[in-house]
Amino acid sequence: MSRLSKTFENLRARNERALVPFVTCGDPDMATTRDLLLAYADAGADIIEVGIPFTDPLADGPTIQRASERALDGGATMDDALQLIADVRKQTDVPIVPMTYINPVYQIGYDAFAARCREVGADGVIISDLPPEEGPEWVEAGANHGVDTIFLLAPTSDDARVAAVTKAASGFIYAVARMGVTGARSDVPPEIAALIARIRSHTDTPICAGFGFSSANQIRSTCQSSAVDGIVVASALIDRFESTKGSNAQRIEAAASMARELKDATRP
Amino acid sequence: MTQSTLNNAAAVNGAVTDQAVDAQMEESARGHFGVFGGQFVPETLMVALRELEDEYERARHDEAFREELAGLLRDFAGRPTPLYFAERLTKYFGGARIYLKREDLLHTGAHKINNALGQALLARRMKKPRLIAETGAGQHGVATATVAARFGFECDVYMGEEDTRRQALNVFRMRLLGARVIPVSSGSKTLKDATNEAMRDWVTNVRHTHYIIGSVVGPHPFPQMVRDFHAVTGQEAREQSLQMLDRLPDACVACIGGGSNAMGIFHPFIEDKSVRLIGVEAAGDGLDTPNHAAPLSRGSKGVLHGSLSYIMQDRAGQILPTHSISAGLDYPGVGPEHAHLKDIGRAEYVAVTDAQALEALQLLCKQEGILPALESSHALAYLPQLTKELGPSGVIVVNLSGRGDKDVNTVQSALESS
């Protein structure tokens, strides 16, 4: 059983949902990303997404665009990201999920990328602009190397797509909670409960929702009103880190304390 | 028979149906041209792409749709455009005879209106009240704003901040037409970034918004659909060449940014193996400098804006900045069908520099009394070499894709600083 599957099994046994914080690799530098990632693990994060920056992140809003630009300006590369995961893996067992866009992966090659992910201890991969129609080779590479292929579903996905995507996905399914790009918002996404229910009718694979989660109340309501298995929080944590004054250690502490508070909202 | 008696409606109908048959044969895998193309987009858009694909399939087999489009192309856009013998330019070079396909005479001043009209009719069929577009030189933005006004759509156009400056005249034109122009200040502040931002808008508003992509780029079905809407250019040119000269040309030449005007003129000639198809990319300061926009000449395979093609990128797959004096060619990607035509050797792709394009622009002004767009000037800049290669017995058709009024300020400052 994969590390991701074990994590969700344990969470379900405790009637608890996963908190999945996101870090942009290399924002503003590798050492900070490593410390932030470990601080999230310490704060109770169940899974951590590691964003590998891309020059043209067209599924992302302004916060992650800025984080990606800072990381690329600082020289962050795919190799750095994989090295970071390898380093962190020595210190924590929390599942780590790289998230990126198709082009950097295409350049390495699906099989080689899956092999590298396995080698450094990454558990699954999310590729924002790779729908399963374009991804059979990627699914095969993931299966060969024991790396979960996490696909996305959106409120616009019809039942035929839900059926196809749930078949291709492993580890978990990423439910895009609302129409649009990533970015912190305050409301409970109106379409998420219906989407989760539709996905759940096709599969038992765990489902994590993301896009626009930023507060404990919002996460608590979403967990209460749907059978979601986890909540991804990205922009809100980056915003907290960005807006905190002081040293990097203080900014990491501010973001980690927010993660701790959000984690509490996922407990029964 | 003279040009003016060309049966335009029949030509247009013929264009759309012929493309339909070809397209089905090509698309063994959905939306792929050889290995290129595809649908690399966020999940949120997948259903909208399917809906667009289905609607386009229905529309192109619908007589009423074809007639309405043909009527608009004739009475609103001004088709057919002339195939004009550039007599003095031909004499000047002393080689092959040069014919200009005068897309610059179309309403709004460039070929872009062909596609904007077709997609506006599709948006209306899909009952989407809002249009968005990306634009570089502003010609596609103006075309989209124009059809939005003509049919009563709400319209937002994304344009890189850098381009709003160098194409200020077109920004004002779009606003006059009732469109909102949204300057994009991320990344390189040019066409690539405007496209990112338009995609982000579309992901958010896809339920009531149609995104009129302005070139043969993007996810399937855009490359095929935009090609089909522009193929009327090549259909006419082919027919006109047969009528006027009793023969096909030896070469068709067109500039390539995303590649829409080139695909429009190339496609109806693809089976005519004797006709060379030559695409001219923007070499900017030179292909051996980092400052160019020539992915077919110097790029490598990769995915940008929803399809696999040749793109300008570093070894890690990050997209590289581009440069061209022409805002419409200043883009790191190119349509996937061009990538395929390059790989199978059916089309040739070359590149000319900013300086060569500027020189060609001035030459056409002085020899023919026609001010071409900076984009189209890239195609003209390949004539010195090609007229010589083909010799006096040769015939060349250049797609004069747009007029240069919008570029007067850019040309003036370039000439004054040189």
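Order of the sequence lines sets the chain letters (A, B, ...), proteins ahead of strands, with each chain counted from 1.
If you tally non-hydrogen atom pairs under 4.5 Å between each of B:I319, B:I311, B:D201 and chain A, the highest count goes to B:I319. Counting heavy-atom pairs closer than 4.5 Å to chain B, the top residue among A:M179, A:M78, A:E133 is A:M179. Taking B:M46, B:R200, B:K192 one by one and counting their heavy-atom pairs under 4.5 Å with chain A, the maximum is reached by B:R200. Ranked by heavy-atom pairs shorter than 4.5 Å toward chain A, the options B:K301, B:E197, B:M199 are led by B:K301.
If you measure heavy-atom distances from A:D60 to chain B, the contacts under 4.5 Å come from the backbone alone. Both the backbone and the side chain of A:F54 come within contact range of chain B, each with at least one heavy atom under 4.5 Å from a heavy atom of that chain. For chain B, the nearby part of A:V165 is the side chain; its heavy atoms alone come within less than 4.5 Å. For A:I102, the part lying near chain B is the side chain, with the backbone staying farther off; criterion is any non-hydrogen pair under 4.5 Å. Heavy atoms closer than 4.5 Å to chain B are found in the side chain of A:L72, but not in its backbone. Heavy-atom distances place no part of A:P62 under 4.5 Å from chain B, backbone and side chain included. Of the two parts of B:L320, neither the backbone nor the side chain holds a non-hydrogen atom closer than 4.5 Å to a non-hydrogen atom of chain A. For A:T77, no part lies near chain B; criterion is any non-hydrogen pair under 4.5 Å.
Side-chain atoms of A:N103 do not come within 3.5 Å of backbone N or O of B:G302 as any donor-acceptor pair.
Under 3.5 Å, the side chains of A:Q107 and B:Q313 contain a donor-acceptor pair of N or O atoms.
Put simply, the residue from A:V176, A:L153, A:T156 that forms a side-chain contact (heavy atoms from CB on, under 4.5 Å) with B:E43 is A:L153.
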